[in-house]
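Before any comments, here is the structure.
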Amino acid sequence: MTSMSVELEVAQTSATDQALSWRIQLLNRLILLILVVGIPLLTYALVMDPARPRPIELTMLAVMLALWFARHGYYRIRAAAFCALLFTLGTLIVFNNGMVGTGYLYLTMSSLFSAALLDRRFSLSFYLGSILAVSLIAWAAIEGQIEFVVQPNVGTDPGTWILFLGSFSMVSGIGVVAAMFIIGKMEEDIQQLQLEVIEKEAARDAELTSSQNLKFITENATDVIWTMDLDGNFTYVSPAVERLHGYTVDEVVNLGISLAGDDSESLIEQITYEIANVREDTDSHVVRIETTVTNKSGEDLEVELMVRLLRDEHGDVIGLLGVTRDIQDRKRLEAAMSSVIRGTQRRIGSDFFDSLTENLATVLDLKTVLIGELQEDGTVKTISVWDDKRPGENFVYELAGTPCEGVLRDSVCSYKSNVEQLFPEDTYIQKQGIDSYLGAPILDDMDRVIGVLVCMDTKPMANEKFAEDLLTVFTAHISAEMSRRQIERDGEITRKQLIQSQKLESIGQLAGGVAHDFNNLLVVIQGYVDLADDLATGNSELTSYHQQIRASADRAAGLTRQLLSFSRRQIMDTRPLNLNELLENLGGFLARLLPENINYKFTPGPELGTIEGDAGQLEQAVMNLAINARDAMPDGGFLRIETKNILIDRAFVESSPWVTEGEYVMLTVTDTGIGIPEEVRDRVFEPFFTTKPEGQGTGLGLSVLFGVIKQHSGFTYLTSEVAKGTQFQIYLPVVKRDVETTHKDQTPLAVTGDETLLLVEDDKQVRQLASMILTQAGYHVIEAEDGEIAVELFRQHAETISLVVLDVVLPKMGGREVLEEIRKISPEIPVLFVSGYAADGIHTNFILEDKLVLLQKPYTRTSLLGKVREMIEA
């Protein structure tokens, strides 16, 4: 919120407070008036007629006294009590005495004072209540239920009562409306006056601040800012003129020193032409001139002049406003860049690097310029050296104890002089007698340091900032050329990998979207089959049908899980794992899966590194490989699975640029089957591609493997030879964490309860089914179809809700946003997320975040009720 808006809000609050203060004063004076008049009158009446107790008058004065003594607080309660007292008094007088003037007066006053003292809603209620009260009295009188003492003949005359009621309604109504209008108008005037005062003060403050800021900017600017009248005399010059030109401000203003050099007359003529041809937008037009001026020391300076018209408050042109900028460094840099670019254009590879070092050394007048490439052992190997005006021999440059070590940490490393004394261990610097050093890192497109560009000289570096700017520009050119060479070297491999990756990614996006919608359908199918099965008790044939539907739905659910695994959109429950333990636990199942004519052997690697992954998905991937191997060996053979630690080095990455260096666990699966022909080898990871006969496999086995390993930040190599067999090498990155051991409580939980749940699901059929299942289990269910409604319902029922069942993908407000909003209301409320596929909803790269619980779609009635009970009792 801006300061202006805050001040306006304060003004509105102040106006409201003033209106309230006025009402308080009015209420206190009314109470005082009644006390001053009422106490003497009541005293006189009691003296004249002591036998009459006068309970109404006594009660009224007692209440008025209480309201008076409470005048320093509780304004709204006092005002309401005051109006209610008048209202009650008037009603009692009419009820007892009929249409006498006193009752009429009290009722009218209660409505008028409610309009003056309280808000519109309250005053209208008083007005309508008065009419209703008088109407009831009139009805009772006409029906003979009331006998009036003062007016005994008026009770049965409907016309008289209608006249009285209409007169009272009209007079009170006009009074109420008039009071509301007058008071509302008065409050608006007060608020408007406050706002005008605030706006004027804010404008004055802004003008003062702007003036102070302008003075600070002009006096501290590196450029010279000046103004000149139409006769060519300076009226203001900023202090920067002394740094740039050597003249003081007084010398420039009083002596008329030119800031435009030899082009002074030309500048005046050009500005005069602009004035003569003035247009409406001329004020925004800036004249730019580059010229040479001579400073006080007699040196020539290249400057840029930027000039525009200066007008007074009436819009008349009174002079010029100008800025003089030193452009010598820019001109030198442009000339140097042009020279280097001319020397290196149309060159590639080694010719480019050699030409660049030569031209940089020439332009900057340096002894040595070199380009080095960072090696995997931490050294720098030069790829081009220009030394002492001739090409130098390439060499390996050790980083420890050298300025290059600093280049790898900082953007630019500069030593203007005394490098030889600062780095006594650097043999090259000592041998060459280097005194100044400037180095810049060469970065790849991932901002990783891949090399250095170094300038060295035997004398102090004169134009350090200029040389630094030049190096910063040309490191990008060097990086681009290094990348081009690498791409050229690995071009064909990279091209194939890119095409394959793009193909699989596009299919993966489609598969993920289909799986998301399909999971919602499966939830409905499985859920209603469970409900229908409850009604089929005793009907074995119908139960059998339900079992067939459930089995087909389970197969479809497995297919969607495979689609999500392939597309890398299956949310993973990752934890540190030992791959040996996982494969040993899976071994018994694999042995039962394979026929007797296939010999299976598992060879675990010693001291295997820890990986981080989803045990279920990795087991699925290994199962798919085992099934493929079994189908590839119809006549029997050998299936061997082994693990070992492996280190991916720089050389490996150079041959496989999509791989990252580091420690990995390698899982190798080898069979002696029929092998994969070369013409289909590039397509084996595509979904639904299979060489098996129709009806024998979905074609998702290897595509699921590809997706699972990619999602685990790993990669896969395939080698195969027809009639000899196939080998898959799977690399999974090692993490520095201990393997977790979990012990789950096997005690079954109840699936019923009587708590209140908030169910948030945008799919209508899924929401209706889930609500029915939970309601039948005894829960009270509040339903919401989007995120905004969910937050509002939770805000209304936060005290009673025990659990929120929340879909991840929702309209208007996503699941994560809903979670954040309801946690602001109730930080400890348990939330069960439900999703079939969520694009970065509650996870990062489909890895479930800590402390979040997810129930995957499609879920069954049992899994839903079990997870709900588990969350409530946790």
Side-chain angles (χ1 to χ4, degrees), residues 490 493-505 507-508 511 562-570 572 574 577 579 582-583 586 602 605 608-609 611-629 631-632 639-649 652-653 655-671 673 675-678 680-691 699-721 725-734 845-846:
D490 303 315
I493 297 175
T494 303
R495 187 185 66 83
K496 287 184 178 180
Q497 288 293 325
L498 179 61
I499 292 173
Q500 183 76 350
S501 176
Q502 289 175 337
K503 185 189 301 182
L504 294 176
E505 181 65 24
I507 298 175
Q562 289 185 344
L563 283 171
L564 289 173
S565 295
F566 155 71
S567 62
R568 305 194 299 282
R569 285 159 172 79
Q570 178 84 343
M572 299 194 302
T574 61
L577 299 172
L579 194 57
L582 184 144
L583 293 170
L586 190 64
F602 171 52
L608 202 64
I611 64 171
E612 188 166 42
D614 185 311
Q617 290 197 30
L618 290 174
E619 288 175 352
Q620 179 68 50
V622 175
M623 287 286 298
N624 290 349
L625 287 177
I627 292 172
N628 275 10
D631 295 343
L639 173 61
R640 184 169 61 253
I641 297 179
E642 55 186 324
T643 59
K644 68 176 182 179
N645 295 317
I646 191 168
L647 177 66
I648 300 296
D649 56 15
F652 192 101
V653 173
S655 62
S656 305
W658 58 90
V659 176
T660 305
E661 292 182 59
E663 298 180 15
Y664 289 79
V665 170
M666 183 176 72
L667 166 66
T668 304
V669 180
T670 308
D671 67 60
I676 303 174
E678 184 177 357
V680 299
R681 207 171 293 162
D682 291 337
R683 299 189 61 195
V684 295
F685 293 119
E686 294 181 10
F688 308 113
F689 175 78
T690 180
T691 58
L700 283 173
L702 292 181
S703 62
V704 167
L705 168 73
F706 177 86
V708 168
I709 302 306
K710 276 287 187 183
Q711 205 167 4
H712 283 76
S713 302
F715 54 94
T716 306
Y717 272 94
L718 164 65
T719 57
S720 184
E721 189 174 349
T726 301
Q727 182 181 82
F728 287 89
Q729 290 180 329
I730 298 171
Y731 295 80
L732 298 170
V734 170
N845 296 327
F846 296 91

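Throughout, residue positions are numbered sequentially from 1 according to the sequence presented.
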Before you tell me yes or no, could you show the steps for Thr726 and Thr719 under side-chain contact (heavy atoms from CB on, under 4.5 Å), namely the whole-Å CA-CA distance, both residues' side-chain angles and the distance that decides it to 0.1 Å?
CA-CA 6 Å; Thr726 301; Thr719 57; over 6 Å; no
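- A donor-acceptor pair under 3.5 Å is absent between the side-chain atoms of Asn645 and the main chain of Val665, judged by distance alone.
- Thr668 pairs by the side chain to side chain contact (heavy atoms under 4.5 Å, CB included) definition with Glu642, Met666, Thr670, Gln727, Gln729, not counting sequence neighbours.
- When the side-chain hydrogen bond (donor to acceptor under 3.5 Å, both in side chains) test is applied to Glu661, no partner is found at least two apart in sequence or on another chain.
- Atoms CG and CD1, on Leu732 and Ile646 in that order, are 12.0 Å from each other to the nearest 0.5 Å.
- Expressed to the nearest 0.5 Å, how far CG of Leu618 lies from CD1 of Ile611 amounts to 5.5 Å.
- Distance OG1/Thr660 to CD1/Ile648: 9.5 Å, rounded to 0.5 Å.
- Proximity of a side-chain donor or acceptor of Ser720 to a complementary backbone N or O of Gly675 within less than 3.5 Å is not detected.
- Side chain of His712 to backbone of Asp614: a donor-acceptor contact under 3.5 angstrom is found.
- Atoms OG1 and CD1, on Thr643 and Ile730 in that order, are 12.0 Å from each other to the nearest 0.5 Å.
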One pair to check against side-chain contact (heavy atoms from CB on, under 4.5 Å): Ile676 and Leu718. What are the steps and the verdict?
CA-CA 10 Å; Ile676 303 174; Leu718 164 65; 4.2 Å; yes
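- For the residue pair Tyr664 and Val734, the shortest heavy atom distance occurs at C-CG2, 3.7 Å.
- Remark: Leu625 CG to Phe728 CZ distance equals 5.5 Å, nearest 0.5 Å.
- Checking side-chain atoms of Asp671 against main-chain N and O of Leu639 turns up no donor-acceptor pair under 3.5 Å.
- Partners of Glu619 under the salt bridge (charged side-chain N to carboxylate O under 4.0 Å, His left out) rule, at least two apart in sequence or in another chain, do not exist in this structure.
- With rounding to the nearest 0.5 Å, the separation of CG in Leu577 from CG in Leu608 is 11.0 Å.
- For Ile709 against Phe715, the heavy-atom pair with the smallest separation is CG2-N, 3.4 Å.
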